[in-house]
Number of protein chains: 2
Amino acid sequence: MSLPHAILTSLAEKPGSGAELAQRFDKSIGYFWQATHQQIYRELARLEERGLIRSAAREATRGRKRDYAVLPAGLEELARWTVLAQDPLPVRDALLVRLRAVAVMRAGSAPGDTARAVMRAELARHRGLHEQQLSLYQGVEGDDFTAGSGAQAQNTPDLRLQRAVLRAGIMFEQAWVNWADETLPTLEH
Amino acid sequence: MSLPHAILTSLAEKPGSGAELAQRFDKSIGYFWQATHQQIYRELARLEERGLIRSAAREATRGRKRDYAVLPAGLEELARWTVLAQDPLPVRDALLVRLRAVAVMRAGSAPGDTARAVMRAELARHRGLHEQQLSLYQGVEGDDFTAGSGAQAQNTPDLRLQRAVLRAGIMFEQAWVNWADETLPTLEH
DNA sequence: AGTCTTTATGCAACTAGTTGCCTTAAGGAG
DNA sequence: CTCCTTAAGGCAACTAGTTGCATAAAGACT
C-alpha cells in the first residue's frame, strides 16, 4: 500500500495543504500513483494521528486551509518502506480485455462488426491520449532536466532519479503509441 | 468495472468451472485483468443471478465442481459493454514512487545510501521478472500464432485480435526491460 | 448588506479487492 | 474402512478506492 508513502514523499519534496497535494497528484507524483482528494484528506488525518506529519491552520486564506509538513518520524517511515521488497503490480487494462471480448464475437455478425468499428475508434482515441501524455512528459524533460535549470536550494532532490522516473513514463507512453500504430491496421477491414 | 466482463469473455472463449476460470486468470486473460478465486466465485454467483450465465453441477468429480456457460443475454451484455467509451486506467507503479522517495533522501546520508543500494537490487530484480514475463509472452506468440496452428472449430476467436493483445504485453514488458537497462547505471555510484 | 462563486475540507455510504479460515467431496495410502 | 491429501467452493472480516453531498470561509457582484 503506497498512498501514505506517496503523500510523505510529496510532502518531503515540498510541504503544503491538502488541496495543494491534490493538485500535485493530478500531475507529478500522481502520474504514477493517483488519488482523489478524499483519499488524500483521509490519509493526511491518519498520518498526523500516527505522528508522521504535523499540520497547522493557515490564516488569511480561503476555506479552512491547513499546512502539512513531514516530521522526522515520517522520513524514517519513508526510509523503512522504500527498502522493502515489493513485486510489481499486475497490469490492468480494460481495453485489452475489450479486444479479447471482440475477438470472440464473430466478424460478419452485426454486434461483431459494430464492436470492431467502435474498437478501431477507441484505439485511435487512446492513441491520442497517450500521445498527449507523451508530449507532456517530453516537455517536462526539456524544461526540468536541461543544462541551465535552477533548483540549487539545500534540499535538492536527486535530479537523476527524478529524471529516471520521468523516463519510465516516456517509455511506456511511447510503447503504447507504437502498439496502437501496429494494431490499428488489424482492425481496418 | 471490467471483472464480470473479463469472466464473460473467458467463458465465451471456453465454458468451465470456477476453479478452471481461476487458473485461466493466472495466465491468458489474467495477464491484463487479474482476479483471486474469491472475486471469481462471487462474480459467477452475481452473473448467474442476473441471468447472464448458467451453471450445472458436474458429477463424478472432486469437490463440488460446477460448470458455467454464457447465456445469450451474457453475450448481449458483453457486446453492450465493449462498445462503451472507457478511458485508460491511470498507471500505478510503486517502484516509481519509491524512486521518487529515494530522490528526496540525501545521497551521502546513511538512509539515503542504503536506499540507493536497495533500489539498485530491486530494479535488477524487477528487470528479471519482466524479462521472464516477456519470454513467456514470446513463447506463446511462437506457439499459437505460427502457420500450422490448430483451432479451426466453428467458434474460432479472431486470432489477429488475440495476437494484438499479446503484442501489447510484449511491448510493455520490453519497454520495462529497456527502461531498467537505461536506469540501472544511474543507481551505480 | 445580501447573495453568489470559489477554494478547502470533510462525512457517509457504497463498490471493489484482499486475506484468513472453513466445508464438502473425491482419490489414494496404509 | 479409516485417515490424509487435494480440489473446489465459499463465508466473514478487513482494507482500499469511489461517489455524492455537505460545510466553512473568503472574495466578488450588485
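A, B, ... follow the sequence lines: proteins, then strands. Residue 1 opens every chain. Please read all numbers here as calculations on a predicted model, not as lab measurements.
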Nucleotides 9-17 of chain C: protein proximity per nucleotide (B base, S sugar-phosphate only, - neither; heavy atom, under 4.0 Å): BBB----SB
In whole angstrom, give the distance that lies between atom [atom1] of [X] and atom [atom2] of [N].
X       : N     : atom1 : atom2 : result
B/Leu47 : D/dG9 : CG    : P     : 15 Å
B/Ile40 : D/dA8 : CD1   : P     : 13 Å
B/Leu44 : D/dG9 : CG    : P     : 9 Å

Clusters formed by hydrophobic residues whose side-chain heavy atoms approach within less than 4.5 Å: which one holds B/Val118, and what are its other members?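 Hydrophobic cluster check, B/Val118: joined to A/Val83.
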Using the test salt bridge (charged side-chain N to carboxylate O under 4.0 Å, His left out), find all partners of [X] that sit at least two apart in sequence or belong to another chain.
X        : result
A/Asp158 : A/Arg160, B/Arg116
A/Arg54  : none
B/Arg163 : B/Glu141

Please, which pairs that meet salt bridge (Lys or Arg N to Asp or Glu O under 4.0 Å) have at least one residue in residues 34-43 of chain B, sequence neighbours excluded?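 Every pair satisfying salt bridge (Lys or Arg N to Asp or Glu O under 4.0 Å) with a residue in residues 34-43 of chain B: B/Glu43-B/Arg46.
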